[in-house]
Structure formats: structure tokens, C-alpha cells
Number of protein chains: 2
Amino acid sequence: MTSNAGTKGVARADREAQILDVACRAFGEAGYAATSVADIAEAAGISKPLIYNYFGSKEGLHAVCVQHAAETLWAEFERSSRTDTVGLARAVVTLDGMFQALAPQPWMWRLVFDPTAPSDGASHEALLDYERRLFTLGADGVGELMRLAGNTDAGDTSATHAVWESVFRSLVTWWLDHPEVSPAAMTDRCIRLFSTVFGDLDEAARAAVGR
Amino acid sequence: MTSNAGTKGVARADREAQILDVACRAFGEAGYAATSVADIAEAAGISKPLIYNYFGSKEGLHAVCVQHAAETLWAEFERSSRTDTVGLARAVVTLDGMFQALAPQPWMWRLVFDPTAPSDGASHEALLDYERRLFTLGADGVGELMRLAGNTDAGDTSATHAVWESVFRSLVTWWLDHPEVSPAAMTDRCIRLFSTVFGDLDEAARAAVGR
DNA sequence: CTGTGGTAACTTACTCGCGAGTCATATCCC
DNA sequence: GGGATATGACTCGCGAGTAAGTTACCACAG
């Protein structure tokens with residue numbers, strides 16, 4: 001009986017890309033802690049040592065996954081931030097962009113907000129860096145709104161920022177838990193919710209996302 | 001050298017209570033996954049097998065901890081729900097009660113909302129039961145507000161409920177991350193934030209918590 | 001009031017499985 | 001032949017769970 005070892009004619013770069021793709025899904029769907037390297041190898045149809053050859057360690061592979069996911073999400077946040085909208089309109093635009101970006105690869109979200117991710121090492125650094133950038137973006141928006149509302153207390157602003165990020169996350173998470181809802185329908189829902197809570201939205205909000 | 005075995009004159013019930021207390025802190029502060037039974041035994045100044053004698057398994061111990069914590073939090077939610085407040089006033093009362101209940105034992109919160117808790121078994125059942133009860137309570141409040149606002153869409157109500165729970169959780173979490181803020185100061189902060197976002201609060205909200 | 005047996009409280013020193021990480025080796029292509 | 005691609009079969013540590021034995025307390029017989 002012949003061994004299964006030996007090249008299969010797949011170049012390293014291609015194999016790395018394939019492993020990365022499989023790993024992103026696995027880490028994103030099951031979480032870092034619940035995913036073993038053997039799981040990923042099996043899902044990719046290769047053996048465990050190949051992953052170690054190419055990525056060094058489980059954490060090294062995770063770091064690359066996280067960087068990829070963070071870049072994807074960050075690109076979307078940045079794009080939204082460059083529209084000339086403010087306040088709730090800006091929020092709606094950002095949510096709408098995120099729904100569209102996540103539709104083909106919903107696991108990317110949980111990959112970035114994985115509570116079982118390691119709390120040190122390269123992947124942790126990548127996440128911290130992403131969170132810092134995201135924080136700045138969110139803090140700008142919230143800070144301005146608070147100033148407009150006449151509240152300049154630092155603690156209040158900090159807490160409001162935390163609440164806003166949490167609202168954003170819960171809307172995305174709710175959508176991820178209801179996969180039958182299209183991105184457009186979810187954006188409409190967000191507009192309705194904001195209208196219900198804050199009163200009718202500025203026309204700008206609807207216009208910004210083409211409603 | 002003599003062995004260390006043998007009773008130390010501590011009755012089973014007392015020892016169980018002591019282990020439970022130590023375990024609640026450990027699970028609540030580090031999370032279920034990151035806490036080993038040996039850690040708990042060491043923190044309690046006893047040996048691992050004693051825990052197995054009394055609680056059967058790590059998960060069995062966790063189940064008792066979770067039940068204890070859920071009962072504590074639930075008692076507080078129920079108490080708040082029996083006040084004759086509605087809308088934002090009710091929210092403020094509930095937050096205020098939770099801050100006061102958590103002040104002497106802040107780890108109880110993360111014990112209940114631990115993302116690394118097991119996803120089956122007795123402790124999972126206890127958490128599901130708690131969440132179901134909590135869900136009903138929250139759904140009532142949110143549903144009524146949505147109806148008053150003229151929105152009866154089931155999906156909208158479901159999403160709003162998710163957002164409200166997330167807002168509640170993020171306010172508590174923010175407070176837990178700022179231990180220098182007293183419960184009373186945090187309640188004041190919540191009142192200010194709600195006022196900033198929704199306009200001035202009904203006097204009822206302030207009166208309900210004695211401001 | 002003093003042995004004495006039974007039981008509850010307690011520990012030391014293990015087993016066992018799982019998953020991260022490694023080593024030696026095999027096959028293929030140029 | 002030599003380097004890139006690949007794998008089977010390991011080691012190793014950690015944490016859950018256990019078997020077997022040790023000590024202190026207590027009820028009761030003498």
C-alpha cells in the first residue's frame with residue numbers, strides 16, 4: 001500500500017488561501033476555543049502538520065484570520081464614514097453597509113467579536129488595533145451628538161459610546177440570527193425602529209441608503 | 001510525617017456553602033472555561049475530590065452556582081417589576097435595583113452572562129430557564145411600548161427587544177468596568193443619558209428611585 | 001469516664017482522553 | 001538529485017474525574 005504523502009501540485013500560496021478561508025469559517029462559526037486545528041485540517045481536506053508548516057501555530061493561523069476579517073469590516077466602516085451624513089443617518093448608512101458586507105460571509109462578524117479568542121499574542125494585538133480604530137470612529141460620532149445635546153460629562157460620553165456600540169452589535173447579531181431577512185429588509189427595519197424610538201427620521205437618512 | 005487527610009470538623013452543609021461562594025467568584029471572574037476545579041479547590045483551601053464528592057462534576061458545581069446567581073438577579077428583576085412604573089421610569093428602577101444588588105457581589109453578573117459556559121447539561125438548562133423568564137418580562141415592556149408607538153410588526157418588536165436587553169447589559173457592564181462609580185451615581189448617570197437621548201424624563205422616573 | 005466501632009470528612013496519588021505541537025519520512029516535479 | 005509539498009505516527013501537558021486510604025468525631029457498651 002502506497003503512502004498518501006507527496007505534493008498534490010497545489011502551490012503554497014493557493015493552499016494558504018484555501019486554509020485561511022476554511023479557518024475563517026470554522027473560527028467564526030464555532031469560536032476559537034471550540035475549534036481544533038485537526039477540525040480545520042479535516043474541513044480543508046489536508047493534514048494537520050501542513051497547517052503548522054504554513055502558519056506556525058493555531059494562534060498564528062487565528063491571527064491571520066482575524067486580520068483578514070478586521071480589514072474587511074474596517075474597510076466597510078471607513079467607507080460609510082466617508083459619506084457626508086451625520087447622526088442617525090450616518091448610523092443607518094453604516095448598518096446598511098455592514099449588512100451588505102456580511103451577507104456573503106456572515107461568519108466574519110463573530111470571528112472579530114469572539115469571546116473565546118486568546119487574550120494575548122498576535123491575534124489579540126490585531127483585535128486590539130481594530131478595536132482602537134473602531135473606537136475612535138464611534139467616539140467621534142457619539143461625542144459630537146452629546147455635545148449638541150448639551151452633555152459634556154466624560155463619563156456620560158463614555159457610557160453612551162458603550163451603549164451605542166452595543167446597540168449596533170445587537171442589531172447585527174439579531175440579523176445574523178434571522179438569516180431569512182435580506183440586508184435591504186434589515187436596513188428598512190432599522191429605519192423603522194429608529195423612527196419609532198426617536199420620532200420620524202430626517203429624509204437624509206432614507207435618501208442616504210436610497211429609500 | 002502524618003497524612004493531612006481526616007475531617008476538619010466542618011459540616012457538609014457549611015463546606016458546600018463555602019465551596020459555592022468561592023466557585024461563584026471564580027466562575028464569575030474568570031469564566032467557566034478558564035476556571036479549573038483545581039483552582040477552586042485551592043482557593044477554598046481544600047482538595048479537588050471533596051468538590052467531586054459534594055457536587056459530582058465541574059458542570060454540577062457550575063449548575064448550582066448559576067442557579068444561585070440567576071435566583072439572585074431574578075429576585076431583583078421581579079421586585080422592580082412589581083413597582084407601578086412604566087416605560088423609562090420602569091427601566092431606571094430596574095437598573096437602579098440591579099446596581100444595588102450587584103454592588104456587593106459584582107461577579108454574579110458575568111456568571112449568568114458567561115459566553116464560555118457549557119452549551120448543554122444542567123447548568124445550561126438553568127440558564128435557559130432564567131433567560132426565558134427574563135425574556136417574558138422584557139418582552140412585555142417592549143411590546144407595550146411598541147404598541148403605544150403604533151408599531152405592531154413582530155420582527156420589529158423582536159429586534160427592539162434584543163436591542164433593549166443589549167442596552168441594559170451594556171450599561172451594567174460599563175458600570176462593572178468602572179468600579180469607582182457608586183450605584184447611586186450610576187443610576188443618576190442613566191437618568192441623564194435617557195434624558196439626553198429621549199428628552200427630559202417624566203418626574204415619575206426620578207421619583208421612583210428617590211431623586 | 002473510658003474504650004471501641006462506625007461513619008462522615010478529607011487527601012494523596014493516580015488514570016484517562018483530548019488537543020497542541022513535532023519528527024521522520026514519502027511522493028512529486030523540474 | 002534536490003527542493004517543495006505533503007502525511008502518519010508520534011510526544012507532551014493539562015485538566016476532568018477516580019480509587020483507595022487516612023483521620024477525626026460521635027454514639028454507646030461496659
Could you give the [atom1]-to-[atom2] distance, from [X] to [N], as a whole number of Å?
X	N	atom1	atom2	result
B:D39	D:dC14	CG	C1'	11 Å
A:I51	C:dG19	CD1	P	14 Å
B:L50	D:dT22	CG	C1'	14 Å
B:I46	C:dA8	CD1	C1'	15 Å

If the condition is salt bridge (charged side-chain N to carboxylate O under 4.0 Å, His left out), which residues does [X] pass it with, not counting sequence neighbours?
X	answer
B:R169	none
A:E78	A:R82
B:E76	B:R79
A:E59	none

Can you list every ring-ring contact (aromatic ring centres under 6.0 Å, His included) pair that touches [range], not counting sequence neighbours?
range	result
residues 82-106 of chain A	A:F99-A:W175
residues 16-35 of chain B	B:F27-B:Y32, B:F27-B:H62, B:Y32-B:H62
residues 69-93 of chain A	A:F77-A:F168

Filtered N/O pairs between nucleotides 16-19 of chain D and protein, under 3.5 Å:
{"unit_1": "D:dA16", "atom_1": "OP1", "unit_2": "B:K58", "atom_2": "NZ", "d": "3.0"}
{"unit_1": "D:dA16", "atom_1": "OP2", "unit_2": "B:V37", "atom_2": "N", "d": "3.1"}
{"unit_1": "D:dA16", "atom_1": "N7", "unit_2": "B:K48", "atom_2": "NZ", "d": "3.4"}
{"unit_1": "D:dG17", "atom_1": "OP2", "unit_2": "B:Y52", "atom_2": "OH", "d": "3.3"}
{"unit_1": "D:dG17", "atom_1": "OP2", "unit_2": "B:K58", "atom_2": "N", "d": "3.0"}
{"unit_1": "D:dG17", "atom_1": "N7", "unit_2": "B:K48", "atom_2": "NZ", "d": "2.9"}
{"unit_1": "D:dG17", "atom_1": "O6", "unit_2": "B:K48", "atom_2": "NZ", "d": "2.6"}

**Prompt:** Rounded to the nearest 0.5 Å, how far does NE2 of B:H68 lie from CD of B:Q105?
**Reply:**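 NE2 of B:H68 is found 6.0 Å from CD of B:Q105.
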**Request:** Return the residues of residues 5-30 of chain A meeting this criterion: a heavy atom under 4.0 Å from some atom of DNA chain C. Order them by number, or give none.
**Result:**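 Within this stretch, A:A5, A:G6, A:T7 sit under 4.0 Å of the strand.
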**Request:** Have a look at B:Y54 and say if it touches a base, only the backbone sugar-phosphate, or nothing, with a 4.0 Å heavy-atom cut-off.
**Result:**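 Since only primed, P, OP1 and OP2 atoms lie under 4.0 Å of B:Y54, the category is sugar-phosphate.
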**Side-chain N,O (B:N4) to OP1/OP2 (C:dT12) below 4.0 Å** =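 True: B:N4 side-chain N/O within range (under 4.0 Å) of C:dT12 OP1/OP2.
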